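Just so it is clear: chains get the letters A, B, ... in the order the sequence lines come, proteins before strands, and each one is counted from 1. Small disclaimer: the values here were computed from a predicted structure and weren't measured.
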Amino acid sequence: MSIDIDTARKVAHLARIRVQEDDLPALARELSGILGFMEQLNEVDVTGIEPMVSVTPMRLARRADVVTDGNIQEQVLKNAPDAREGFFAVPKVVE
Amino acid sequence: MLDLTYEAPKPKVIAGAKSDWELVIGMEIHAQVASNSKLFSGASTQVGAEPNSNVAFVDAAMPGMLPVINEFCVAQAVRSGLGLKAQINLRSAFDRKNYFYPDLPQGYQISQLYHPIVGEGEVLVELAPGVARLVRIERIHLEQDAGKSIHDMDPTMSFVDFNRTGVALMEIVSRPDIRGPEEAAAYVAKLRQILRYLGTCDGNMQNGNLRADVNVSVCRPGQYEKYQATQDFGHLGTRCEIKNMNSLRFIQAAIDYEARRQIAILEDGGKVVQETRLYDPDKGETRSMRSKEEAHDYRYFPCPDLLPLEIEQAWVDDIAASMPELPDAKKARFMGDFGLTDYDANVLTAELEAAAFFEAVARGRDGKIAANWVINELFGRLNKESKSIAESPVSVGQLGGLLDLLASGEITGKMGKELFEILWTEGGDPAEVAAARGMKQVTDTGAIEKALDDLIAANPAQVEKARVNAKLAGWFTGQVLKATGGKANPAVVNEMVAKKLGL
């Protein structure tokens, strides 16, 4: 599978990454290269082999159902480009 | 226990201009998990807090923050699955569903596309006595809720609150087994009832804690049976998804509108386009959410921040052992043990607290009479005053005491209602109140007889009329009850009147 310029443009838009039109051909080439490598890996027969998620046997860490966090409104909003009355303020998005 | 067997309901048929059409409906219910803290952070789930105060850095998607799963939310999903007689998957995994929206700070929702925690189950949706639809559940998966945008606080800006961001949701996905708007509403109501019994979701639809996405398609009669026989969706029409509804009434109206819209397109020779639509309750119509279309490319992939979720069968067994009695079983038991009608059993099992109240009142007493008093007097009064059962001024003990006075014949039904009123407004012990207020049924037939004899002697004309037309004998009963201050038992008086008049 290869990625053409239109697909590269679409993926960039979906991820909300601004890419200059001139940069798209190179980006499409790089993405195609990555997918090409994946395809090569896909040639290996892994029938019946369980995917490995970790090199050491580990159990998903769990948390008890208690409130241990929050009430840090000021810190949460600190990096926001715009915040008003405790809310993040963003350009109008309405359905 | 009674064995309740059900007949399947007829599907709803809509007559188009050219032919008849049937509806095929599948639903995705988003039920907020009842928990103290969020699915992957220690922030509170409490509603009504200051904006962005129930937010941890994980919820705000600050770089480097990692999610840690709330084990109780997992248990809640398992409990819900068991309540829907579903398969529990001991190994499930989390995926990222990528899309851009201001109320989703991560830029993706952590969900379970490929390996949900709960597999196939079923829900019995009763539509009338003896008529029910068995709706198959495809899966339940755990996922994060999004934040909330407010659009009316500023003309050019939207305001975003992340308090809800990351709260655990169960998405309950049905098979397309629902065949009409009423069935759809009944399905949501039944699911809500089960989740409330289980304590896994509070079911508050107004707050959006239970909301539905509805997939609607239409087909010609006969096509659905072909689908059921083969499970091949090719026999069905193209579906549209109506998003995010939190009212049973709107769900019905939206389905009806959407089905008619699709029928009009098809009969006009057109094609239904698969899309996401929004219901506008003000206009009573659905419209396309075009902006969502390109976002539909979710680019799912396994969430690299979370190992697969592995749970042990013994843990699942522990949860299974602590399951409460569910609505279907409770209803069957109430009908069997207390001799209740289907209708009364439905009313009394609708809410867990009300069912417990009834059961406590009915224990050791006549179940049918207890049901009448709980439904007609207590529920009637609670509804009138918009009170919940927990706020009832009349306790189990008080209503039980009242029923005991009735059963022993110490008070009449009429007195019982007066006594109920006093217990409701003033409180007190039923037996003491009845004694203090002189509520005592006259069981002394001598006194009743004397009153009747006096009446007969004084009213020869009425006696003649009653002998000609037996219906007029009721006048004597009424007069005797009046003479005894309503303390005589009407049945006893009736009988005596008939005997004395030779009717």
Legend entry - Top of A:Ile72, A:Leu77, A:Val11 for chain B proximity - count of heavy-atom pairs under 4.5 angstrom: A:Ile72
Pick one of side chain, backbone, both or neither for [X], based on which atoms fall under 4.5 Å of a heavy atom in chain A.
X: B:Thr156; answer: backbone
X: B:Phe40; answer: backbone
X: B:Asp154; answer: both
X: B:Ala60; answer: side chain
X: B:Leu66; answer: neither
X: B:Pro308; answer: both

Could you check if a side-chain atom of [X] sits within less than 4.5 angstrom of a side-chain atom of [Y], using non-hydrogen atoms only?
X: A:Arg59; Y: B:Glu310; answer: no
X: A:Arg84; Y: B:Met157; answer: yes
X: A:Asp69; Y: B:Ser41; answer: no

Inset, instruction - Assess whether atom CD of B:Gln313 is packed by more than 12 heavy atoms of other residues, nucleotides or ligands within 6.0 Å. - result: yes
Legend entry - B:Lys97 atom NZ, over 12 foreign heavy atoms within 6.0 Å: yes
For the residue pair [X] and [Y], what are the closest heavy atoms and their distance?
X: A:Val67; Y: B:Ala43; value: CG1-C, 4.4 Å
X: B:Pro51; Y: A:Glu85; value: CG-O, 3.7 Å
X: B:Val68; Y: A:Arg62; value: CG1-C, 3.9 Å
X: B:Ser37; Y: A:Ala64; value: OG-O, 4.2 Å
X: A:Phe87; Y: B:Asn52; value: CA-ND2, 3.6 Å
X: A:Leu60; Y: B:Leu309; value: CD2-CD1, 3.8 Å

Legend entry - Heavy-atom contact with chain B under 4.5 Å, split by part of A:Glu74: neither
Inset, instruction - Under 4.5 Å heavy-atom distance to chain B, tell me which part of A:Val90 shows up: side chain, backbone, both or neither. - result: both
Legend entry - When B:Gly147, B:Ala75, B:Pro304, B:Pro155 are compared by non-hydrogen pairs under 4.5 Å with chain A, the top option: B:Pro155
Rounded to the nearest 0.5 Å, how far apart are [atom1] of [X] and [atom2] of [Y]?
X: A:Asp82; Y: B:Phe159; atom1: CG; atom2: CZ; answer: 7.5 Å
X: B:Asn70; Y: A:Arg63; atom1: CG; atom2: CZ; answer: 4.5 Å
X: B:Met62; Y: A:Gln75; atom1: CE; atom2: CD; answer: 9.0 Å

